[in-house]
Amino acid sequence: MEQKKDLILKVSGVTKRFPGVLALNKVSLEIPKGVVYGIVGENGAGKSTLMKILSGVYEKDEGTIEFDGEIIEHTTPIQALRRGLSIIYQEFNLVNTMTVGENIFLGRFSENHGMKGTHQKARELLDSIGSKIDTYTLVGDLSASEMQMVEITKALSFDSKLIIMDEPSSSLTTEELKKLGEIIFQLRNKGISIIYISHKLDEIFEYCNIVTIMRDGNVIDTKPIEELTRSEMIAKMVGRTIENEYPPRAHFVGEPLLEVKNLNTSKLHDINFTLHKGEILGLVGLVGAGRTEIIRAIYGADKVKSKELIMEGKPVTVSSPRDAKALGMGLVPEDRKQEGLILRFSVGENITMAALSEIAKKGVLNRKKEKEIENRQIENLLIKTPSAAAKVLNLSGGNQQKCVVGRWLELNPKVLILDEPTRGIDVGAKYEIYVLMNKIVEQGGAIIMISSELPEVLSMSNRVLTVCDGRITGEFSPEEVDPSEIMDRAIG
Amino acid sequence: ACGKSGGETKTDAAADTAQTEDTGNTAAASGDGITVGWIVQDMANESQSYSCRIAEEKAKELGINLTSYDQAGDAQKATDAISTCIAQGVDAIIINPADPQAVVPALMEAKEAGIVVGLFSSDLAAESQQYRDFFCGTNDTMAGEQAAQAIIDAFPDGCNVVEIGGQSGHDAQVKRSDGFKAGLEGSNITVLDSKNCDQWATEDSMAIMEDFIVKYGDKIDAVFCHWDNGATGVINALENANMDGVYIVAVDGCSAGYDHVKDGTQAVCIGQSFTNMVAQSLDCAQKAVAGESFEEINWIPLDTVTSENVDSLPYPEW
Amino acid sequence: MDTKRVFIKAKQVLLKQKAVLAILAMLILMLFFNTQFYSVYNWMNVFRSATVQGIIAMGVTMTVLCAACDLSVGGIMCLSGVITVLMINSGMPIAVACLCALLAGAAVGLVNGFLVVHQRTEPFIITLGMGTLLKGICQQLTDAHPIACTNMEFMKISNTKIFGHIPILVLYMAIILVIFFCVLRFTTYGRNCYAIGGNYDVAKYSGINTVMIKWSTFVISGVMAALAGILLSSRMNSASSVYGDNTGMLVNCGVVIGGTSFAGGIGGVVQSFIGVFVLQLMSNCMDCLGIGAYVQQLLQGIIIVLILGFDCFGRLRKREHV
Amino acid sequence: MGKSIDVKKFLLHNLVLLGIVVLCVVTAIVEPLFLTQNNFTNILRQFGPLSFVALGMTYVIIGGFLDLSVVGIISLVGVVTLSLIDPLGQVGALLCGLLLGTFLGFLNGVILVGFGARIQAEVLFITYGMSSIFGAIALIYTNSETEHMSRLSNPYTIFTWIGKGKVGPLAVSMILFVISLVAVEWFYRKTLWGRQIALMGGNKIAATLCGYNMKRTMVLVYTICGLFAGMGSIVLISRVTTASPVAGAGYETDAIMSVVVGGTALAGGTGSGIRTVLGVLLIILLSNCMNMLGVSTYLQTIMKGLVLVIAIWLDNRKEQQIH
Ligand SMILES: Nc1ncnc2c1ncn2[C@@H]1O[C@H](COP(=O)(O)OP(=O)(O)OP(=O)(O)O)[C@@H](O)[C@H]1O
Ligand SMILES: Nc1ncnc2c1ncn2[C@@H]1O[C@H](COP(=O)(O)OP(=O)(O)OP(=O)(O)O)[C@@H](O)[C@H]1O
Ligand SMILES: [Mg+2]
Ligand SMILES: [Mg+2]
């Protein structure tokens, strides 16, 4: 009895089915007041689905939910918000065409006495978390991490008793992550509970009090954080023991493959570097440093002022992604929903997208070969999908990412560019992607990898470049260097 | 409706006119010629654009300063065009309205501004005729009646006829259809069916005729099609079905109609003479502006073109 | 800081608003010709001509802001005129007739909203079909004959002038424009419309009653079109089933020309009015210059293509995307 | 139980087909003449112009765009083709007409790509403006006069053959259409170029990053659309033996309606020309059946609107139920 009073949320026996998928199977959770409650699990474990049920986006099929002592049968997003449950969704949840201030107070315009009041209050909130974003800028003009901060601010603007954060840190920099940590502690001290979902286990260990581990729609275990070790957690998540989070670094570095010279755009200044055969080159920098711009410019996706590329000793021109692909380059973009996938199309169609031009004979396609590719990649990458014909829209984030990566693997690219390839991907899948990366370099290809997770870059790459403000500011060998030195250069 | 403001408009417009004369209109051909705003019903319509062309030619001859405006078959554009004419300070407006009802308020304004108003081809309803000075044109209702008469004459013992109307709701379609119905009243002619088109499109009339042929087959003795180019479609449909001897009557009197009558594919073509209409209206306008007396209503008689008289009539230029 | 922001905004508007540039170009061009273009009467005439489409554009803008569109406005306008005139001719008081017409417009908007918002059909195509349907109803009601209004009082609604020069229609337009501007700018409802158009799901998750709001924009659009129908019928003292044939396309085109994005969330009623106005002004300019009908059509097409084209171009340059 | 679900599913998938069957059965019961060979030929002939235009439109819509300029293309190609028969001979005129249609479509594509239009909303009214331009050129070219084949001095047998000819019971225009349909469907389904159209409709940016040239694909779909609008125009003038500079009004709406009623989503990415055929059939049959039943013109317009709205609505519900 006594204990029950302290619970903010009690979920018992919740089940959710999607066509062909049992997303949640009799899930039960108990979340006390004033704790940070971590939920971890592989991609497709059902974490996001559970959160969407709590916030009223999906209907549950079975089970009961009790929020703040009240049984909730049916809820809608607005009711959930009013009750005091706010959520930061995994996918961005902002209106790009409106200003930061208006987004924070979306739908509550009159509560703040019009435009001026809204922006004023938004300013106060942003200041309170130490963000310098101008409330009058359009959200569409922000970078991924700035958007994330706006989302966090938005969740704070409600007087919530429970805040769900579904991978809030996936695009935050170290600096911002620190701020987020402070915010979380502040909230917890005020007696507000937080559900924290992340694939970055360090954060889980740092912030959370209790952790629930999910796999395939089931709750595997719930334990206070002190009673868990990292490897134990990983083992429970993936259902087997993983010795290392990173495979051994591959060392096949050979002669120069791609030389980038004198690359200038409106944002980039004098970028020069060389990529060698069999090398994984990491690009490190703060958000907005221009890493994405560098690789897009190389790939021919953006306009450039000047650019010289030398591939295998021969000067080449790359003025469009088409040229880039013809030279054996491939790009996995950072925003998979907008730039990577055709969400309405099937998993298979998304996988074969890049390879179509290879299997077409004089422009005529071969359905049989397409099928082969689909099945091969689904097996190779262990993509969790009912069938190749299922819509990619319904896959979990990690599995969607695998589709985008898989599309290029089929082509054995010489240069594969990966922009945040493991964003929102679970440990198991990450490992698989790392192994795949190693396989590519083994075959003589080379990889440029952008990642905001420093450990990942340091463990995977043979060489690291730091980018700051559109310039390359340093070159390091990750085995020899101290991470703090790299961050130093990245900050500028 | 609004006396005071109307008065002011009048002085305004008068001042504007004076100004025009002071500075000399750029388009003015001769110093003393009157300016006329010629508002065409729809420049995309063949007959209308033809009448506009001859009006421009005729005006040059008469030393009239004529500017043409298009209402594109839209009643609202007609009122806009009238307002533009008033603003430009013309001496006379001659309009062939797409919807005669709809221009009445705008014409009131024009009259208040002291502008001579002439209606061309379509007249206002009887109760609003005070808002125009003169009317020149053929009577579409009469065209329908004449078409009916031609059929009655050809089939004194009665027959079955189908009617294919022009664009649904268009002034000419409405009047021709009403006239046709009125003309048949009391006769022993049966109207099997009657359909309008979405546009004045030959394709529409052809499709309707094809369906009629399937449905009524040889029962059809005569066809009344509202326009000559539509009759082309009717003739095509009949040819495709190998039907001969169907008595076709159509209105307009364009070259296509004359050609059909000459080949014998079309029995009767009710022709309207735009040359006469234009000459008469410009004449009336000149007289009205000069303050001379003129005929208020000028019916331009319709020609009933048949194979007998087709060669004696001047071949139309459109 | 605030003045600077205003200045930047003004510059942005001028650069973004190709329609304003087009208007300026026309105004300058007309200085070189000796016509009555710069007379009070003519300007009132242009404004008055833009009124009917302008009023419809207000409602359409609401739907477009919510990332939908309404092409049935031509049909609604026509229907409302027919209903009003028929009822007045049958002896009803003018006010009752007008009210019924507005209700009819609201009813059509309700159905449009049901289909588009509730049933999630494609607004472009469904409202296009609805327009055809309404046109048929008008033809049925009038037997495709134009009908004159027998009560001359009805004419006064649109044909009065105030202060001697200003047609009352222009006043109506101004009032409606101000109301819509304020609603969109200063009320939660208005801001919610922008949110819905910007990102429907986000608006929904943020607790905005997206369905009702988006639905209501269709009702507003219907009512405004019906109002425009009444004013048009009063202006012309008649109703006919052929009114409004191209209105749907033209008004939606005007809205987009003004800079209200068909993708939703960007724009406003002032822009829309400018968009409708630019087409009207252009036609007036060309009439004043005595340009032939075909060339007018050609020039109008070219202007539409250029304004919208450079709008696209501007957006593209900003992002430097593929 | 399983069977009833199958029936329901089949019906849900083929609502248009169902509508067509119901329409035919009702008409045939009330008016047996509907089933005559003559009427069958009629329907196939009336099917002509719209079916070509709608087929071209299908691929634009699959590519995620729309084309309102077909009206202008039909007008312009019609008058130019007919006027070229005398100077160039009929074969030359025919080829020039097709070439002109293709070129106008190409021009659309190039202009849109040049301006950098990326989404449906952006192209919609630009093509509307283009339509206005093409239409105006047609009017200027002819001075708004209708041209008549009967006044030509050169023979125009090919056009007569297209307009009236029959091979067995089948109209020539129908056969031409089937050939075009098969060819273009094969192109769309089996070739890389065709697949790129679908990719463009699905996600233009993703497709570009996968190394496909979306600008070229965009020009391609508009060129196809222009070509088919030109073919539609030629079938039209052959059928009615005249060419009017304002012919084609309303074709853009009917074509888009046919495509969508057929079941190709306006959102792009999926669809097929075969579905469009059903949509066209529904629209043509609707007017034919109601003419057979003696429904008044006004009621016909109401019915047309109603059927279209309901068809699109039901089709949409179906989509939602299946997913
Ligand atoms: N709308 C939907 N329709 C069908 N299946 C769905 C839908 N949403 C989610 N799923 C399925 O439910 C399962 C759980 O997905 P969910 O997004 O909750 O995973 P997750 O644990 O959040 O994974 P990630 O860490 O990758 O975000 C997945 O297998 C996914 O394919
Ligand atoms: N679509 C866009 N519109 C406007 N500005 C943009 C857009 N995309 C990026 N920017 C801006 O360009 C700058 C550089 O962004 P970029 O994405 O290249 O950074 P990055 O180093 O890749 O960082 P990230 O970690 O977010 O990937 C950012 O400040 C961002 O605000
Ligand atoms: Mg998730
Ligand atoms: Mg980036």
Side-chain angles (χ1 to χ4, degrees), chain B residues 40 42-50 52-53 73 164-165 167-169 173 177 192-217 227-230 232-237 239-242 254-256 259-260 262-263 265 317-318, chain D residues 31 33-43 45-46 48-50 75 135-136 138-139 142-151 160 163-164 166 171 236-251 254 284 287-298 300-301 304:
Chain B
V40 192
D42 188 354
M43 281 301 279
N45 182 318
E46 206 172 352
S47 61
Q48 314 301 328
S49 76
Y50 170 70
C52 175
R53 220 175 316 144
I164 296 175
Q167 181 186 357
S168 231
Q173 178 269 321
S177 184
L192 288 174
D193 211 332
S194 163
K195 290 266 145 61
N196 299 336
C197 301
D198 286 339
Q199 252 94 36
W200 296 94
T202 312
E203 198 209 355
D204 287 6
S205 68
M206 185 165 170
I208 292 174
M209 192 60 207
E210 283 171 342
D211 290 348
F212 280 169
I213 290 173
V214 171
K215 185 155 183 211
Y216 302 106
W227 76 114
D228 282 335
N229 278 322
T232 310
V234 172
I235 292 164
N236 284 337
E239 256 172 29
N240 291 349
N242 295 321
C254 68
S255 51
D259 288 352
H260 295 151
K262 273 184 195 163
D263 324 328
T265 44
E317 286 170 46
W318 61 290
Chain D
E31 181 56 86
L33 284 173
F34 175 75
L35 291 179
T36 54
Q37 148 101 45
N38 276 344
N39 195 41
F40 183 65
T41 318
N42 260 356
I43 292 169
R45 281 218 197 96
Q46 290 172 12
L50 179 60
S75 312
L139 282 167
T142 59
N143 222 338
S144 104
E145 278 172 44
T146 304
E147 295 171 347
H148 297 263
M149 282 193 188
S150 55
R151 300 213 186 116
T160 318
K164 304 188 191 173
K166 281 203 246 176
L236 177 65
I237 61 167
S238 308
R239 189 172 133 72
V240 298
T241 69
T242 61
S244 150
V246 289
Y251 266 90
D254 279 358
I284 298 290
S287 115
N288 178 269
C289 288
M290 286 193 290
N291 279 340
M292 287 294 132
L293 296 175
V295 178
S296 85
T297 318
Y298 318 138
Q300 282 198 19
T301 316
K304 187 175 161 190

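Each chain gets a letter, A, B and so on, in the order its sequence line appears, and its residues count up from 1.
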Open item on the list: Please report the interatomic distance OG1(D:Thr301) to CG(B:Asp198), rounded to the nearest 0.5 Å.
Closed with: 6.0 Å
Task: Part of B:Asn196 within contact of chain D (heavy atom distance under 4.5 Å) - done: both
- [ ] Kindly compute the distance separating CH2 (B:Trp200) from OG1 (D:Thr146), expressed to the nearest 0.5 Å.
- [x] 12.5 Å
Open item on the list: When you compare the side chain of B:Ser255 with that of D:Arg151, does any pair of heavy atoms fall below 4.5 Å?
Closed with: yes
Task: chain B contact via D:Tyr298 - side chain, backbone, both or neither, heavy atoms under 4.5 Å - done: side chain
Task: Part of B:Gln199 within contact of chain D (heavy atom distance under 4.5 Å) - done: side chain
Task: Pairwise side-chain contact, D:Val240 with B:Thr232, heavy-atom cut-off 4.5 Å (strictly under) - done: no
Open item on the list: Restricting to non-hydrogen atoms, name the atom on D:Gln46 and the atom on B:Ala207 that form the minimum distance, rounded to 0.1 Å.
Closed with: NE2-O, 3.3 Å
Open item on the list: Please rank D:Thr36, D:Thr242, D:Asn143, D:Val246 by heavy-atom pairs under 4.5 Å with chain B and give me the top one.
Closed with: D:Asn143
TODO: Measure the spacing between OG of B:Ser168 and CD of D:Gln300 and express it to the nearest 0.5 Å.
DONE: 10.0 Å
Task: Check: D:Leu139 and B:Met43 side chains under 4.5 Å, non-hydrogen atoms - done: no
Open item on the list: Let's test your reading of the structure: which of B:Asp259, B:Asn45, B:Ile213, B:Ile235 forms the most heavy-atom pairs below 4.5 Å with chain D?
Closed with: B:Asp259
Open item on the list: At a 4.5 Å cut-off on heavy atoms, which part of D:Leu293 comes close to chain B: side chain, backbone, both, or neither?
Closed with: backbone
Open item on the list: Check whether D:Asn291 reaches the backbone of B:Ile208 with its side chain - one donor and one acceptor, N or O, closer than 3.5 Å.
Closed with: no
Open item on the list: With a 4.5 Å cut-off on side-chain heavy atoms, are B:Tyr216 and D:Leu33 touching?
Closed with: no
Open item on the list: Tell me which of these, B:Arg53, B:Met206, B:Glu239, B:Glu210, has more heavy-atom pairs under 4.5 Å with chain D than the rest.
Closed with: B:Glu210
Task: Residue D:Glu145 versus chain B: region with a heavy atom under 4.5 Å - done: both
Open item on the list: Just verifying a value: how many Å separate B:Asp211 CG and D:Met290 CE, rounded to the nearest 0.5 Å?
Closed with: 10.5 Å
- [ ] Give, as side chain, backbone, both or neither, the part of D:Ala249 having an atom under 4.5 angstrom from any heavy atom of chain B.
- [x] both
Task: B:Thr202 side, atom OG1; D:Ile237 side, atom CD1 - distance, nearest 0.5 Å - done: 12.0 Å
- [ ] Calculate, to the nearest 0.5 Å, the distance between atoms CD and OG belonging to B:Gln48 and D:Ser144 respectively.
- [x] 9.5 Å
Task: Per-residue contact mode, B:Ala44 against chain D (heavy atom under 4.5 angstrom) - done: both
Task: Region of D:Thr241 in contact with chain B, defined by heavy-atom distances below 4.5 Å - done: both
TODO: Could you tell me whether a side-chain N or O of B:Lys195 sits under 3.5 Å from a main-chain N or O of D:Thr297, the two making a donor and an acceptor?
DONE: no
